[in-house]
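All values reported here derive from a predicted model rather than from experimental measurement.
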Amino acid sequence: MDDQLRRKYQHLLDFVSRYQKVGVACSGGVDSTFLAHACVRALGLEQVIILFGDSTLQSADLRDSIEKRLAGDLGEELQLRKVAVDPFSNGAFVKNSRDRCYICKTYIYQKFLDLLTSLEVEVLLDGTNCDDLHDDRPGLKALEELGIISPLVEAGFIKDEIRRAAESLGL
């Protein structure tokens, strides 16, 4: 990792360290896996709950292999919660309107928040990065409304930096 990337990564670790215990929304992609790894490094494996929205919207391969894939990157003792979600049960999502991403993200993240509340975890983090802020992403409105925190944005990470940092960490 070069010095600039190392500084951003340290900022990410410092930011996450402000919390006692966190939930991390994890799709299995590089952004959320990198964030989950940083959380585990900052807080310890026992203080990080990984939340995966188990839905037919993901490939069967991902749904079947998510635990093994994440355990390889984060540690065998990871706390992964597969949360069953069915966006197709929501009529507004099925209409496939322009705000379907907002509807879906709200639905899934509200399920995550409900689970975290029952586990007495006060914060949900997600892998949104600075590049995402420049795209047309209606789901970002859901994050704001639900109070979801995006530490990769806080630390100033763009997608390319996340990929490079993840690679340097062996993810």
Side-chain angles (χ1 to χ4, degrees), residues 12 15-16 18-19 21-40 43 47-70 73-74 78-163 166 171:
L12 175 62
F15 181 81
V16 170
R18 299 185 330 189
Y19 302 101
K21 192 169 192 175
V22 299
V24 179
C26 192
S27 65
V30 67
D31 299 342
S32 58
T33 301
F34 174 68
L35 174 60
H37 184 274
C39 290
V40 167
L43 301 173
Q47 299 304 101
V48 180
I49 298 173
I50 309 297
L51 301 146
F52 175 76
D54 193 358
S55 163
T56 56
L57 295 175
Q58 282 98 11
S59 71
D61 176 57
L62 176 61
R63 295 171 71 195
D64 292 341
S65 67
I66 189 70
E67 189 164 9
K68 183 177 180 181
R69 291 168 62 176
L70 291 175
D73 287 331
L74 305 177
L78 75 105
Q79 296 183 74
L80 174 67
R81 303 295 169 99
K82 284 181 160 184
V83 179
V85 293
D86 180 15
F88 295 107
S89 67
N90 183 322
F93 177 78
V94 173
K95 285 183 184 177
N96 203 25
S97 62
R98 180 164 166 28
D99 65 346
R100 69 190 171 280
C101 293
Y102 164 80
I103 293 163
C104 187
K105 187 77 77 173
T106 300
Y107 167 74
I108 293 170
Y109 278 32
Q110 187 59 62
K111 283 194 164 272
F112 289 175
L113 289 168
D114 291 345
L115 175 60
L116 290 176
T117 297
S118 74
L119 298 172
E120 298 181 359
V121 177
E122 295 180 16
V123 63
L124 177 59
L125 310 178
D126 96 310
T128 298
N129 66 68
C130 291
D131 285 338
D132 295 331
L133 303 178
H134 304 294
D135 295 338
D136 180 25
R137 293 191 175 235
L140 293 177
K141 180 180 174 191
L143 300 180
E144 183 180 328
E145 289 176 359
L146 294 170
I148 310 304
I149 298 168
S150 301
L152 299 176
V153 170
E154 171 65 30
F157 275 96
I158 60 172
K159 186 73 163 185
D160 179 63
E161 292 170 330
I162 294 166
R163 286 185 181 122
L171 303 179

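Across all their heavy atoms, S32 and V24 have their closest contact at O-CG1, 4.2 Å. Heavy atoms only, all atoms of each residue included: C39 and L125 are closest at SG-CD1, 3.6 Å. Pairing each heavy atom of F112 with each of A25, the nearest pair is CE1-CB, 3.7 Å. Pairing each heavy atom of P151 with each of V16, the nearest pair is CB-CG2, 4.3 Å. Nearest heavy-atom pair, L152 versus L12, reported as atom, atom and distance to 0.1 Å: CD2-CD2, 3.8 Å. Minimum heavy-atom separation, I49 to K21: CD1-CE, 4.0 Å.
Contact check for V22 versus L43: side-chain heavy atoms found under the 4.5 Å cut-off. Using a 4.5 Å heavy-atom threshold, the side chains of V83 and F52 count as separate. Residues Y102 and L140 are not in side-chain contact: their nearest non-hydrogen atoms beyond the backbone lie 4.5 Å or more apart. Here the side chains of I50 and Q79 are not in contact, with every heavy-atom distance at 4.5 Å or above.
Without hydrogens or angle criteria, Y107 side chain to D86 main chain gives a donor-acceptor distance under 3.5 Å. Of the possible polar contacts, none joining the E144 side chain to the K141 backbone as a donor-acceptor pair under 3.5 Å is found.
By the salt bridge (charged side-chain N to carboxylate O under 4.0 Å, His left out) test, K82 pairs with no residue at all, sequence neighbours left out.
Distance check: K105 NZ to I148 CD1 gives 9.5 Å after rounding to the nearest 0.5 Å. Taken to the nearest 0.5 Å, the CG atom of D131 stands 8.5 Å off from the CD atom of E161. Taken from CG in D132 to OG in S150, the straight-line distance is 8.5 Å, to the nearest 0.5 Å. Interatomic distance, CG of N129 versus CD of E154, reported as 14.0 Å (0.5 Å rounding). Between the OG1 atom of T128 and the CG atom of D126 there is a distance of 3.5 Å, given to the nearest 0.5 Å. Distance CG/D54 to NZ/K111: 11.5 Å, rounded to 0.5 Å.
Shown here is Q47, whose CD atom has more than 12 heavy atoms of other residues, nucleotides or ligands within 6.0 Å. In this structure, E122 places its CD atom where only 12 or fewer heavy-atom neighbours from other residues, nucleotides or ligands lie under 6.0 Å away.
Side-chain N/O atoms of D114 and Q110 include a donor and acceptor closer than 3.5 Å.
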Inset, instruction - Run the numbers on L171 and V30 for side-chain contact (heavy atoms from CB on, under 4.5 Å), then give the verdict. - result: CA-CA 8 Å; L171 303 179; V30 67; over 6 Å; no
